[in-house]
Amino acid sequence: MSPNPRVAWRQSVIQITRVHPPCPAPYDQHTIRHAPAHDPVRARAVVAGLPTVATVAEELEPMLRRNLGHPSHIDDLDQVTVGCWGNIVQISDPAFGEDGILSTNLDDAFEAQVEAYPEARITAVCEMSSAESYGKYLAHVPGQPSLAVDGWDGQSVTGDPAQLLGAVGADSADPGAECLDPAHDDPYIGVEYLNLITCNLHSVWAKENLMVSVFKVTRTEDVRYEMDEVWLRD
C-alpha cells in the first residue's frame, strides 16, 4: 500500500443499536426532543468494552448525533461515538465496516452484544457506498432466532424478518413491515425495517437534539489489519 492511502468509501452507516426493556414508544419528529439526556459516564463504559477497541486514548468533545459525518480521512477510522439515551445505546465504529469479503468485526461485535444483553433488541448495520454499495443488517429480538441480511445488488436473507417484527408488535401497515403481508414477495430489509426494531432511533431526525460522546481509540493489530483492508486504497 502507498504511504498515503485514501479512504475508499464516500458514505457509510456503521452502527450497533441496543434497546433495553422496557422499550419506549417509537419516537417521531415531535417526541424525539423529549428523549432522555445522553449519559457520558455510561458511554465511557460502553466504548471500553468493545472488542474492536484496544484502549481509549482520548475523550473528545461531545457532539450532536445529527452532525456526525462519515469517515473521510485515515484519522477518522479511530474515532468511535456512543450515545446512551435512557434504555437505548447506539455505537458507531468504523471497525464495524466491511465489504462482504473482508472483515468479520461487525458479526463478532453483534454476537458479543447479544451474548451480553440477550434481553435487549439489538441491530447491527454496515452500509458502505462508493461506486457500488454494500449492506449488511443483523437483528436480535429476545426469544426469536437472529436475522442476517447482506448483499451488493440483491439481498441474501438468513432468518425470518416477519417473525422479529411480530415479536415487537409491528403492524403490516407500518413502513418497513411489508414482510408481515403474506402477499408481499421478497421485501427489502433496510432503514424502515430497522427503525421498527429500534423505536425509530436507527435513523437521524432532522431536528433532534441527541448528544453522543466521541472517543479516540487504539486498535489491536488484527483489527487494524482488517480495517485497512476494508477502508483504504492506494
Side-chain angles (χ1 to χ4, degrees), residues 11-32 35 65 83 85 87-92 96-101 103-115 117-129 132-206 208:
Q11 204 168 28
S12 61
V13 177
I14 34 178
Q15 67 188 31
I16 290 178
T17 305
R18 295 198 320 253
V19 182
H20 293 264
C23 299
Y27 289 102
D28 61 27
Q29 61 181 332
H30 304 293
T31 61
I32 191 64
R65 182 179 76 145
W85 315 294
N87 291 351
I88 297 180
V89 174
Q90 190 167 85
I91 307 155
S92 182
F96 299 157
E98 60 178 86
D99 59 6
I101 303 171
S103 179
T104 59
N105 287 334
L106 184 68
D107 300 80
D108 293 345
F110 172 74
E111 290 168 7
Q113 296 286 317
V114 171
E115 182 177 352
Y117 307 102
E119 79 288 353
R121 304 179 191 175
I122 303 172
T123 62
V125 178
C126 166
E127 293 180 341
M128 309 281 281
S129 299
E132 297 180 281
S133 297
Y134 172 78
K136 173 178 274 188
Y137 311 100
L138 309 173
H140 163 81
V141 171
Q144 307 299 323
S146 290
L147 174 71
V149 179
D150 79 305
W152 287 84
D153 296 326
Q155 290 189 329
S156 173
V157 179
T158 301
D160 187 342
Q163 191 170 346
L164 270 63
L165 292 191
V168 303
D171 184 273
S172 60
D174 294 329
E178 294 82 4
C179 57
L180 291 173
D181 182 353
H184 198 288
D185 295 329
D186 297 326
Y188 180 78
I189 304 302
V191 171
E192 292 176 330
Y193 181 94
L194 297 167
N195 274 328
L196 292 172
I197 296 177
T198 60
C199 304
N200 280 340
L201 276 186
H202 169 73
S203 294
V204 176
W205 295 88
E208 68 175 46

Practice task
Sequence neighbours left out, what pairs pass ring pair (Phe, Tyr, Trp, His ring centres under 6.0 Å) with at least one residue falling in residues 154-181?
Solution key: none
Non-neighbouring partners of [X] that pass side-chain hydrogen bond (donor to acceptor under 3.5 Å, both in side chains), sequence neighbours left out:
X      : answer
Glu111 : none
Ser146 : none
Gln113 : Arg18
Ser156 : none

Any side-chain heavy-atom pair of [X] and [Y] under 4.5 Å:
X      : Y      : result
Tyr193 : Val149 : no
Val19  : Thr123 : no
Val125 : Val191 : no

Exercise for the section: Any chance you could measure Tyr137, atom OH, to Leu194, atom CG, to the nearest 0.5 Å? Expected result: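 Interatomic distance, Tyr137 OH to Leu194 CG, rounded to 0.5 Å: 7.0 Å.
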Handout entry: Distance (rounded to the nearest 0.5 Å) between Asp150 CG and Leu138 CG
Key =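 Asp150 CG to Leu138 CG: 8.5 Å, rounded to 0.5 Å.
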Please list, chain by chain and in numerical order, all residues satisfying side chain to side chain contact (heavy atoms under 4.5 Å, CB included) with [X], sequence neighbours excluded.
X      : value
Thr31  : Tyr27, Asp28
Pro142 : Arg121, His140
Ser172 : Leu180
Gln29  : Trp205

Can you check whether [Y]'s main-chain N or O pairs, donor with acceptor, with [X]'s side chain at less than 3.5 Å?
X      : Y      : value
Ser92  : Ile14  : yes
Asp108 : Asn105 : no
Gln15  : His202 : yes

Any idea which heavy atoms bring [X] and [Y] closest together, and the distance?
X      : Y      : answer
Leu147 : Asp160 : CD1-N, 4.1 Å
Met128 : Ser12  : SD-CB, 3.9 Å
Leu165 : Ala177 : CD1-CA, 3.6 Å

Problem - All salt bridge (charged side-chain N to carboxylate O under 4.0 Å, His left out) counterparts of Asp107, not counting sequence neighbours - result: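 If we apply the salt bridge (charged side-chain N to carboxylate O under 4.0 Å, His left out) test to Asp107, skipping adjacent residues, the hits are Lys136.
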Exercise for the section: Using the test salt bridge (charged side-chain N to carboxylate O under 4.0 Å, His left out), find all partners of Glu127 that sit at least two apart in sequence or belong to another chain. Expected result: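 Salt bridge (charged side-chain N to carboxylate O under 4.0 Å, His left out) check on Glu127 returns nothing, list empty.
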Problem - Counterpart residues, ring pair (Phe, Tyr, Trp, His ring centres under 6.0 Å), relative to Tyr134 (two or more places apart) - result: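 Ring pair (Phe, Tyr, Trp, His ring centres under 6.0 Å) list for Tyr134, sorted by chain: Trp152.
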